[in-house]
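In listed order, ligands and their atoms are each counted from 1. Note that the structure is predicted; figures quoted are calculated from it, not measured.
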Amino acid sequence: MIRHDVVVVGAGLIGLATALALVRRLPGADIVVVDKEREVAQHQSGHNSGVVHSGLYYTPGSARASLCRDGRQQLLEFAATEAVPVLESGKMVVAVRPEETGRVRELAARGTANGLRGLEIMDNRGLEQHEPAARGLLALWVPETALVDFRQVALALRRRLTQLGVQFELGLSIESIRHEQDQVRATSATGTVVGRRLVNCAGLQAELLARGAGLETGLRIIPFRGAYFELIPSLAGQVRSAIYPVPDPRLPFLGVHLTRHLDGGVSAGPNAVLALAREGYRRRDISPAHIGALLGYGGMRRLAMHHLRTALAETWRDLSKEAYARSVAAYLPGVTHRDLRTGASGVRAQAVAPDGTLLDDFRVVTQGPVVHVLNAPSPAATACLAIGEEIASQVTALGDRPQR
Ligand SMILES: Cc1cc2nc3c(=O)[nH]c(=O)nc-3n(C[C@H](O)[C@H](O)[C@H](O)COP(=O)(O)OP(=O)(O)OC[C@H]3O[C@@H](n4cnc5c(N)ncnc54)[C@H](O)[C@@H]3O)c2cc1C
């Protein structure tokens, strides 16, 4: 049986970027990327808003803030080298209620502390000059936001990795991870992959694999479904860049926003509702075992208690297209449910602590020769190359360069 130097489980952006950083740190090493799907980026990395975030929202000094800034730059350079199209669109954060205007100013201060350039607070007149169809009391222009198709980024990473000699084992679902002395065995129904080191980048499944490997951190990954709508083509011209509401500071989600994509289409979304299956992309995807596990977790019950009103409002908006359209019409007046067509959906892997807190920073935990990525929320797609560097440094810190 081949014993690889490093096994990376998960061919989403985090696994792929980690493999790339490992190639740089361990030239000549035997690295394999394993995924249960037959192509890369079939989950979060291929079902997201496609926004290259600027780093506006994150607490200055947090890993999320610095990895977003570094990662954004690396991503733009990578996309340019690999001819992946990027639209440098900018975005507008719009306050529509008086109580949100202070928060716009706070965001501007936070963005400045995070090193963003070109931020501009503007009144309704300034907003109209950038986004003629939008309305608000106060807005923040963020020129460093861009758009990309992250699936294209993942495919480019796969091509680059293949050229560099990294192997791919796709269609192999890992069921258990066991480490013994200085090697790790990742077992699926059809075979076992062995490595001296293993990186668990399994996104929605990462905590299940970690617990199966005997790592109990108390955290659970709770999946949140985000549904998108498409603005009908005759209205798409009303949106020039991306238009965001002011986010609720108690939640890690950014709210239903409008995004003009590279193909000229405009999406609205995503909302954030509890997914009733770990990969529950549709409302009707329901797993009784998953629901039982959620109800049995104290962190989930506390989360529900802390955010009951928001959860009910989000669920209503998920069920009612009229309610969804009203949240868009708050900053793009005149939009009704007739202007929205059902679009794609994504499921976020959101780590929750036993006290019901939604973890908003990245969480990586080492267990012997295994590195587990237990929380990689947005902007992890933007920041993937910087996060990959960080994870690879933890892998190499596990000991000397692995030898076969
Ligand atoms: C709706 C939504 C909108 C978002 N918008 C943005 C955005 O605009 N900008 C941004 O920067 N970020 C955004 N994000 C966040 C970003 O997409 C994710 O943080 C990022 O893609 C996480 O990448 P990942 O590699 O950790 O996870 P994933 O992409 O989910 O990859 C995990 C991989 O592991 C594989 N896997 C799982 N279990 C197993 C197993 N047992 N065996 C083998 N393989 C396994 C899966 O098949 C998958 O390919 C968004 C996320 C969502 C869901």
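His47 and His43 have tilted rings, their planes meeting at an angle from 30° to 60° on a 0 to 90° scale.
A salt bridge does not link Arg225 with Asp285: every distance from a Lys NZ or Arg NE/NH1/NH2 to an Asp or Glu carboxylate oxygen is 4.0 Å or more. Classification of Arg196 and Asp182 as a salt-bridged pair holds, one side-chain N sitting under 4.0 Å from a carboxylate O.
Using a 4.0 Å cut-off between heavy atoms, Phe362 makes no contact with ligand 1 at all. Looking at Ala383 against ligand 1, nothing comes within 4.0 Å, counting heavy atoms. Counting heavy atoms under 4.0 Å from ligand 1, residue Cys384 does not touch it at all. Here His47 has backbone heavy atoms under 4.0 Å from ligand 1, and that is the only part of it that gets that close.
For the ligand labelled ligand 1, residue Val347 lies inside the 4.0 Å heavy-atom shell. Within the 4.0 Å heavy-atom shell around ligand 1 one finds Ser378. At least one heavy atom of Tyr228 sits less than 4.0 Å from an atom of ligand 1. By the 4.0 Å heavy-atom criterion, Pro377 is counted among the residues contacting ligand 1. Ligand 1 lies within reach of Leu172, whose nearest heavy atom is under 4.0 Å from it.
Counted by atom type alone, Arg3 and Gln183 present one or more donor-acceptor pairs between their side chains at under 3.5 Å. For the residue pair Glu279/Gln205, the side-chain donor-acceptor check at 3.5 Å is satisfied.
Protein heavy atom closest to atom 38 (N) of ligand 1, with residue, atom name and distance, is Gln205 CG, 2.9 Å. Nearest protein neighbour of atom 17 (O) of ligand 1, counting heavy atoms only, is Asn48 ND2, 3.1 Å. For atom 35 (C) of ligand 1, the closest non-hydrogen atom of the protein is Asp35 OD2, 3.1 Å. Closest to atom 41 (N) of ligand 1 among all protein heavy atoms lies Ile174 O, 2.8 Å.
Listed by first and then second residue, the ring-ring contact (aromatic ring centres under 6.0 Å, His included) pairs involving residues 287-317 amount to none (not counting sequence neighbours). Screening residues 223-244 for ring-ring contact (aromatic ring centres under 6.0 Å, His included), with sequence neighbours left out, gives Phe224-Phe253, Phe229-Tyr324, Tyr244-His257.
Residue contact check: Leu13 has heavy atoms under 4.0 Å from atoms 25 (O) of ligand 1.
Because its NZ or CZ atom is not both nearer than 6.0 Å to the ring centre of Tyr331 and within 45° of the ring axis, Arg135 does not count as a cation-pi partner of that residue.
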